Amino acid sequence: MDKQKILIVDDSEMNRSILADMLGDEYEIIEAENGSEGVAALQKYGSEVSLVLLDIVMPEMDGFGMLTVMNRYRWIDEIPVIMISAERGSSHVERAFELGITDFISRPFDALIVHHRVVNTILLYAKQKKLEGLVADQIYEKEHRSTLMIDILSSIVEFRNGESGLHVRHVHTLTEILLNVLVHKTDRYDLSQTDISIISTASALHDIGKIAIAEEVLNKPGKLTDEEFAIMKTHSMVGANMLAGLPIHQEEPLVKAAYEIARWHHERYDGRGYPDGLKGDDIPISAQIVALADVYDALTSERVYKKAFPHEVAVEMILEGKCGVFNPLVLDCLRECADNIPTELGDDNAMRRNQREMRNIAREMHKHEELSASERTLQLLEHERMKYSFFAAMTEEVQFEYTTQPPMVTLTAWGAEKLGLDEIIMDPEQDQKAISLLGQDGWRELSDILHATNPANPVVKYDCMLHFKEEPRWMRIVARAIWSSDEPPRYTGAIGKAIDIHDSRTRMNDLEHQATHDALTGLLNHSTARKRIVERLQERPDGRYALIIVDLDHFKRANDNYGHMFGDQVLIHLAGSLRQNIRGGDIAARVGGDEMLLFIECKLEIEPAVERIFTAITGQYEDFPISVSMGVAKAEELGTDYDRLFQAADKALYTVKRSGRGHYRFYDDSMEETLSVISPIDGDTEGR
């Protein structure tokens, strides 16, 4: 069994040797002769270190400096520190405890005392971690049992209804997805993460009233009569009454949410739903969201009275109002997350459910009064640190923080990698890597500029040559000096970033490209393509144009069998094929998901050009067959209105998809009648 590691940080080799002799038989000893080396050791070994024995007075960085760094990076939360020093002044001891040490031992020390305190401290931290694990396990079991009981109850209802228990799970997952999109789009409904968890859990009881519906009505394979449909519609009120009749728990938020959902999940935004004919936001948002989730899963699932519709068709039917009228804001949420829904439902396995439950555990633990104010503050600071690190990486800028006590530069992870430096640089004016980057004169000049600021005017700009790993580059350092609140104020450091002067000139071009092009494929995005096509049609309305919508067949198999990264490569491959097989003046765009758009102009007949493109882009990418379906609309037949051309090509595409995929069709008037045969969720089906 590996020994636990103890880090001894002391500038006296004799002291380190004595401590190592005392503890070396039971523990693996790591030595550092100052705070800087101690920080480097913690960076290297991390949580493998079980304890730090730390001196106060040391060169370069003293014990207080090292404790400051350990607090900055939250290492002090995981690694206990015992201060060992001859400095016995109360101010030193008090400051050490304020910085988070666990114990203080005065020198000269007694071997027995040192041994006992080391063992006790390590055992105390081990027990604390075990206790935290037990608390998390208990809350997890509580959360898991509650969810399990609701799943069992709702699955009994679905079993009786001739449906799989997946309907309940799918509605739960869709409700959670849609609510999370909603709260990021608007603050109109004032929903917290706890509210989202409650509503998602309560959604499992939306059809609880079906227990009271006769089986011959519930599972009738054909269309219901008016009388049978009236019976079916009673399930919403029956479910609400069952929940309202519970002898206990009436004030529980979960019961209240379940009541709203059970009673009103068949209401519609235009007031044409049931049982109460509620309209607009008179319908609780919980019921609105579950209603949409319920309709989507009803469409995409096979039932005794219908076949399953494909995901794309189901979404289209809902957005076009063929399944009743929904809140436009909720429909926007569906549009935004539509591409992810099949993956989320397909991956709705035990691991994903556990992840959701663990998020609930975190929320539960936040509610416990045992968390002190300081712990809550640390949690908030950790959250802010995570956000800062994430956004710093996204900006791809060299961001830094400098402190004078101890003299230290902290870089973001991205910036450190870009510059070829460590994330923590102790005393940058003495660090050789840092000196080679800016030069000793450069560091001194930057330091003088920052010192020359004042609290009223703390921001400076400094252009300099930085010697990167690959080549020197002119950079602009923009920094804000930090001044204390003392009188007089003291300069304590700076925060700032280094901007590549050349990159800053090209960034506007990059932003413009990002605004007009799809990030994955490099094709135009739909809105930009639409604008350019409209301009072309207005400038030269007599051209021989075709608008083509291309759909990649069986794309879900690429994601399911090979993973999403492979799926992205398939889309990139298809986009490249489209670019190679159109002329310079033609337009190619990504509409969304696995759908692409082409707008081509032909001097001669359009049909041979479409045939050529179709043949050229089909084939194979690695082991995945590239099969496409295409719908084509011709401007010479339909006119130059973009929306009409797009809708016609879309209808032609769906005609192809319903007839087996893997070919192309030109739009004609017969498709209007064919498409009208698509059976929307009529009164009979939607009522179930």
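Nothing here was measured: the structure is a model prediction, and the numbers come from that model.
Although no hydrogens or angles enter the test, the distance criterion places no donor-acceptor pair under 3.5 Å between the side chain of Asp448 and the main chain of Glu445. A donor-acceptor contact shorter than 3.5 Å links the side chain of Ser484 to the backbone of Arg490. Using a distance-only test at 3.5 Å, with no hydrogens or angles considered, no donor-acceptor pair links the side chain of Asp431 to the main chain of Asp427. With hydrogens and angles disregarded, no donor-acceptor distance shorter than 3.5 Å links the side chain of Arg444 to the backbone of Gly439. Between the side chain of Thr175 and the backbone N or O of Val171, at least one donor-acceptor pair lies under 3.5 Å. Panel note: side chain Ser436, backbone Lys433; a donor-acceptor pair is recorded below 3.5 Å. When atom types are taken as modelled, the side chain of Asp422 and the backbone of Ile424 share no donor-acceptor pair closer than 3.5 angstrom. For Asn34 (side chain) and Glu37 (main-chain N/O), a donor-acceptor pair under 3.5 Å exists by modelled atom type. Of the possible donor and acceptor atoms, one in the side chain of Trp443 sits under 3.5 Å from a partner among the backbone N and O of Ala434. Here the side chain of Thr404 pairs no donor or acceptor atom with the backbone of Pro407 at under 3.5 angstrom.
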| request: Test Glu622 against Tyr562 for side-chain hydrogen bond (donor to acceptor under 3.5 Å, both in side chains), laying out the working first. | output: CA-CA 11 Å; Glu622 296 187 6; Tyr562 300 94; over 6 Å; no

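Each of Thr453, Asn454, Thr492 was compared with Trp483 under the side chain to side chain donor-acceptor pair (under 3.5 Å) criterion, and only Thr453 meets it. The only member of Leu191, Val255, Leu254 that meets side-chain contact (heavy atoms from CB on, under 4.5 Å) when paired with Ile198 is Leu254.
For the residue pair Leu205 and Ala258, the shortest heavy atom distance occurs at CD1-CB, 4.0 Å. Heavy-atom minimum distance, Met83 versus Ala96: CE-CB, 3.9 Å. Nearest heavy atom pair, residue Ile79 against residue Val52, reads CG2-CG2, 3.8 Å.
Between the side chains of Thr68 and Asn71, no donor N or O sits under 3.5 Å from an acceptor N or O. Counting only N and O atoms by type, the side chains of Gln43 and Tyr73 include no donor and acceptor under 3.5 Å apart.
Here the CG atom belonging to Leu99 is positioned 5.0 Å from the CG atom belonging to Leu67, to the nearest 0.5 angstrom.
A salt bridge does not link Glu401 with Arg480: none of the charged nitrogens is closer than 4.0 Å to a carboxylate oxygen. Under a 4.0 Å N-O distance rule, the pair Arg476/Asp463 qualifies as a salt bridge.
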